[in-house]
Number of protein chains: 2
Amino acid sequence: MQNAFRSIGLIARATSIMGNRLFTPKNLQANQFLYLLRILENPGITQADLATQLHVDPSTCLRAVRKLSAGGYLTREADPTNQRRKRLVPTAKAQADAAQLHGYEQALLTVGTQDFTPGERLMLQELLARVAANIEGLNDDPDRLMATVKRAPHEN
Amino acid sequence: MQNAFRSIGLIARATSIMGNRLFTPKNLQANQFLYLLRILENPGITQADLATQLHVDPSTCLRAVRKLSAGGYLTREADPTNQRRKRLVPTAKAQADAAQLHGYEQALLTVGTQDFTPGERLMLQELLARVAANIEGLNDDPDRLMATVKRAPHEN
DNA sequence: ACTTTTTAATTGCAATTGCAATAACTAATT
DNA sequence: AATTAGTTATTGCAATTGCAATTAAAAAGT
């Protein structure tokens, strides 16, 4: 049996490529659909919070959001209480695509777990959510992973 | 509960960043350690096969391998039976780092599943391996995913 | 034997990414 | 109130990525 993280990497690369190919006709490359889904579910979210949710660099988030804005999928409204914060609000165009975006996510799950029992499907989602939480915990203490790597380093 | 593929994307991005940071002191950026692990486990593997295993573009694979070669981690030996095939063979330097690379993979698993029972850990690995197989199956029939996306397209 | 098709590795290109540093604004401290 | 520290968004930069097209070699078909 393979280390679970190898499978995770494979699946992530494969689905990213498929998603980008599927949505390029709508000018939604580069995982922009991931950002759009989150904004649709959290209207008014800020870039910083979105970057945290998606585990991408704030600058990466900025550029994806900028492209979505240029494409007419969202507007960036300054928060009256805090001039720096830009609230990301989906447009009607984004709302029109929401169903297809969720349909894509659901299709991935359907095909990816096509031979699963409902119980297995639920189990997978639960276990992965826990792994994600554990990995996010490393953000607050990155050295913990290093400490867990026990073998000798063989420095150059 | 989140769609499993969201968790997969999050985990993949987070671990990729951590891995790159951990191995930059050894000049192993850009997921090169993933390639090196596979080559260590499959000495003599060709670039095409490696690209298939890792689900990356052959050109991406070429450039990662080229950097590993430049860094002294492997040699590229022409296959006598087929002039085109270049067999990738790990060097002693690569062997010396093998333990640390496996240690990193193991550490990821340890931390990522720190609150799991052994049974849950095994279950996760099995379910993910099956998902990976299902997703790879899409390579042979990419339209199947599109067909599964049922919602209306709302073309531009 | 000759042509066509497939395979393996490669290159140019445009686009995305993360990191480091910066700007602008807000909060906290003295 | 003034200075310091922290937050939010941003930009320059170097590096990686996937796609499309190219080269070279092998296999298949005629």
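Naming convention: chains lettered A, B, ... in sequence-line order (proteins, then strands); numbering from 1 in each chain.
- One can place CG of A/L34 at 14 Å from C1' of C/dT17, the figure rounded to the nearest angstrom.
- Here the P atom of nucleotide C/dT16 and the CZ atom of B/R13 are 15 Å apart, to the nearest Å.
- Residue B/I45 is grouped with residue B/L101 when hydrophobic side chains (ILVMFWY) are merged at heavy-atom distances under 4.5 angstrom, including chains of intermediate members.
- Residues satisfying the side chain to side chain contact (heavy atoms under 4.5 Å, CB included) test with A/A48, not counting sequence neighbours, are A/T46.
- Look at NZ on A/K67: it is 13 Å from C1' on C/dT17, rounded to the nearest Å.
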Exercise. Quick one: what's the B/S/- string for nucleotides 8-14 of chain D, heavy-atom cutoff under 4.0 Å, read 5' to 3'?
Worked result: SSBBBB-
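- The distance from atom CG of B/L88 to atom P of C/dA8 is 13 Å, rounded to the nearest whole Å.
- Looking at residues two or more places apart in sequence or on another chain, you find no side-chain hydrogen bond (donor to acceptor under 3.5 Å, both in side chains) involving A/N3.
- Between B/I17 atom CD1 and C/dT17 atom P the separation is 11 Å, expressed in whole Å.
- The side-chain hydrogen bond (donor to acceptor under 3.5 Å, both in side chains) test applied to B/R38 returns B/Q53, not counting sequence neighbours.
- Atoms CD (B/Q83) and P (D/dA27) sit 11 Å apart, rounded to a whole Å.
- Legend: residues meeting side-chain hydrogen bond (donor to acceptor under 3.5 Å, both in side chains) with A/E77, ordered by chain and number and at least two apart, are A/T75.
- In this structure A/T81 satisfies the side-chain hydrogen bond (donor to acceptor under 3.5 Å, both in side chains) test together with A/D79, sequence neighbours excluded.
- Residue order along DNA chain D, read from the 5' end via each residue's closest nucleotide, puts B/T60 first among B/T60 and B/T81.
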